[in-house]
Amino acid sequence: MELRWRNVALVAMRELLENARTKGFWISLFGLPVFFAIAFSIPLIVQQREGPVHYAVLDQSGWTFPAVHQQIVETDISRLLSRLDKLRADDERYAAVPEFLQLFDAQMQAMEPEQRQQAASDIARLISSLMRDSLTIIEPDTATEALVAWYIRNPDAVAALVPDVSLRRYRYLHTPGASRAALNGLLQQERIRGYFVIPPDPVADASGAAYVSRNLTSVEVQEWFNRQVDRLLREERIKEQNVPADMIDWILQPTQFQALRLTPEGLEDEAGIGDMLTQWAPVAFVYFLWIAIFSVSQMLVTSTIDEKSNKLIEVLLSSISAAELLGGKILGIAMTGISIVGGWILMLALLLSLIPGGWMGLFGTDLVGILFNPTYLGSFIVYFILGFLFYAALLSGIGSFANNLKEAQTLIFPAQAVLILPLLLMFPIARDPSGTLAQVLSWIPPFTPFAMMNRAAHPPGMLTYVLTTLLLVISIYFALRLAAKIFSTGILTSGQPPRLSQMLKLIWR
Amino acid sequence: MTAAVVEFENIRKAYANVQALHGLSLTIPSGCIYGFLGPNGAGKSTSLRILVGILRADSGEIRVLGETDPTRIKQRIGYLPEEKGLYKKMPVLELVAYFGQLKGLSRRDARQRARTMLEAYGLGKWLKSRCEALSKGMSQKVQILSTLIHEPELVILDEPFSGLDPVNIELVRNTMLDLKKQGRSLIFSTHIMEQAEQVCDRLVLINHGAKVLEGPTGEIRRSAGRSLTIDYEGDSSILHELPGIERLNDAGQTAELTLAPGTDPQQLLQILVDKLRIRRFDTRESSLHEIFVRAVQDAPNGDADANANIEEQI
């Protein structure tokens, strides 16, 4: 049958305007980004606003916790020095560093590396010892003493300057000589999140070690403290075997694989958080692609049911053909979807560019650049349109038999179940974008948009792009033809929706 | 009434296992109001859907406004189906103009005509209101205007009076008569005979998907013979023995008799006064309602019950 594009365009424009008049359109356009912004921001805000976790220790051995604490402070001092190294490269930010710290930094810079390490270790020992006795330096004379006093008296300032310092998340509450009952009392009063019990001889037998808390699901502090103690105890056990100290360090040295990225030019480059985000960005795109296709396809079904229940179908079909009506509806809803998705992208770009300090500082990378990466954005737009056309054809054809939303839910459930699969496989494909699963799914038209979008971080060859897209376009053509056939009958029916066998009979007729 | 606007030749249509039309043939002349009558499920709506190209006949030949494929001339037809509605959220002016555009009018012409027609029908204040704000009567007017905005040559109204109050029935009836005066052809489907009697020049009665009666309204009524109503006292057995009676409906004190063509009521009166005490004796032409009921009852039982639901099946 001849398709009159003027009619298709008229239906499409009406559909777009009708949708733009609904609250749902504006809620989708603004509500979803706001929802996601809130969903992402809340954990960050909560984490930032949430004070550090306080813990106490009942050390029955008498020596374990002092050693562990010194180790913790030593790590913090080492992180402080690294932070000062970074800040020194930025004059403006370094100028904001307290004067005594700049002086301390200058003194440390003047030392040889070994001396510097020893000095840091000595400072950590001093801080740890003072803290465990609830002491501090009232009137510091030197830059080092000023640093010690600052660390003990201003843990919040330390955490603000050095984001990865342990003080930011965990603070030791000094409870000298406190019994288990007394510590339980502190727990009841919620002055501490939990306390650790270290047995009398943990090197020989650590089976009495315990962590007591009211909330055992909060395991963060437990795991962190466990790691600190564990390393110390292993070190002590090795020492007992008369292994030299430098060999102990060597034995306990963890193996860390440095992540390197092979650039398109064939060079190995150190992978930063920006690379990680670029790598995982397609997963976010797939997620939004799924939401966009799912919700926009639903809009099409709802719109068809609306016309059916408002008894408009016969009037429309007396003016235009079923294919023109279906084509116009799909086009109109696609334009609605593109408006919504385009709105999301623009809003996200605006948000990211408006607060570069926040987001750039948080992730240390150009998120706007990732968002507008041509491969990602291009794939997203192309696969949104193709994916929508494919699922719109399926859902509108089947959904046209429904008289209300409840019937539609039942009828289109099998098609929607197919749509859920790519969501479940999103992470496995992202972990191995060139793996068998990703490759196979790329060639199955219902999954092509999601699988290929997911592989965008490591795009396959151009031939794969062309052939899989061609296969998808051919599938869309047949799906639309089939949908038009079903739709022309479905929209005129009322009463009980047909059984699957009747629907198949109709398709093959 | 010269050339035919619609010609059906042996049209058949089946839904699943139900035969909706059994070789329907008819010719509808132009410039008249043509009544499509029949009980529910007779096949009226199916015929009209085939006529406007929404459905395709399984077999047979069709010619509408000289065209064998009705889908090619949708712009020359105005169709108001039995089940009709409006886009609730759409402003009234936009809606009427939209249907005008779908029928081939330019956006400008469609809006201009829609505004003129809505104002003429007393809906000038509602142009920018959403359709959901309209009363049922106003909605019906908007639906009719949406059907007529492109000034179709052939207007098809399927049960246009259903659910209307007397004032709006009058309005629709006058609109139909105006259209006829303008030289348009109208096809009007109903199962309420009084309405058809009032406006139709010709009519066809369909039952079980086949034509039962067809012709000018007056001719059908005349050829159907006269009816006689009597109020009486006495033994009614004589009523069953009367000559020239096609049908008798005896209620005890009152009886309705359908006279065979050529029967003289005066002769019947002479017979009756000898046997019964007659209090009333009233003869008149059979109404369409009586003709309709008679024709439907006389028709062989087909798949009438199934037909009632055929449009609910594939």
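Residue numbers begin at 1 in each chain, while the letters A, B, ... track the order of the sequences.
Among residues 6-21 of chain A, the residues having any heavy atom closer than 4.5 Å to a heavy atom of chain B are, in sequence order, A/Arg6, A/Asn7, A/Leu10, A/Val11, A/Arg14, A/Glu18, A/Arg21.
When the candidates B/Gly53, B/Gly104, B/Pro70 are compared by the number of heavy-atom contacts under 4.5 Å with chain A, B/Gly104 comes out ahead. Counting heavy-atom pairs under 4.5 Å between each of B/Gln75, B/Glu82, B/Lys84, B/His150 and chain A puts B/Lys84 at the top. Of the listed residues (B/Met90, B/Lys89, B/Lys88, B/Gln101), the greatest number of heavy-atom pairs within a distance under 4.5 Å of chain A belongs to B/Gln101.
Contacts between B/Leu55 and chain A at a heavy-atom distance below 4.5 Å involve the side chain alone, from C-beta outward. Both the backbone and the side chain of B/Tyr79 have a heavy atom closer than 4.5 Å to some heavy atom of chain A. In this structure, the portion of B/Glu94 lying under 4.5 Å from any heavy atom of chain A is its side chain and not its backbone. Interface remark: B/Arg76 contributes no atoms to any contact with chain A (heavy atom separation under 4.5 Å). When heavy atoms are compared at a cutoff of 4.5 Å, B/Leu102 approaches chain A by way of both its backbone and its side chain.
Within a 6.0 Å sphere centred on CD of B/Glu7, heavy atoms belonging to other residues, nucleotides or ligands number more than 12. By the 6.0 Å contact criterion, OH on A/Tyr287 is open, its count of non-hydrogen atoms from other residues, nucleotides or ligands being 12 or less. More than 12 heavy atoms of other shown residues, nucleotides or ligands fall within 6.0 angstrom of atom CD in B/Glu132.
The two atoms that bring A/Leu312 and B/Gly85 nearest to each other are CD2-O, 3.2 Å, heavy atoms only.
Between the OG atom in A/Ser321 and the CD1 atom in B/Ile54 there is a gap of 11.5 Å [rounded to 0.5 Å].
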*Would you please test B/Phe99 and A/Val315 for side chain to side chain contact (heavy atoms under 4.5 Å, CB included) and show each step?*
CA-CA 9 Å; B/Phe99 281 110; A/Val315 182; 3.5 Å; yes

*Give the C-alpha distance, both sets of side-chain angles, the deciding distance and a yes or no for side chain to side chain contact (heavy atoms under 4.5 Å, CB included) between B/Lys103 and A/Ser318.*
CA-CA 9 Å; B/Lys103 288 292 190 181; A/Ser318 71; 4.1 Å; yes

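Between the side chain of B/Lys74 and the main chain of A/Leu317, a donor-acceptor pair closer than 3.5 Å is present.
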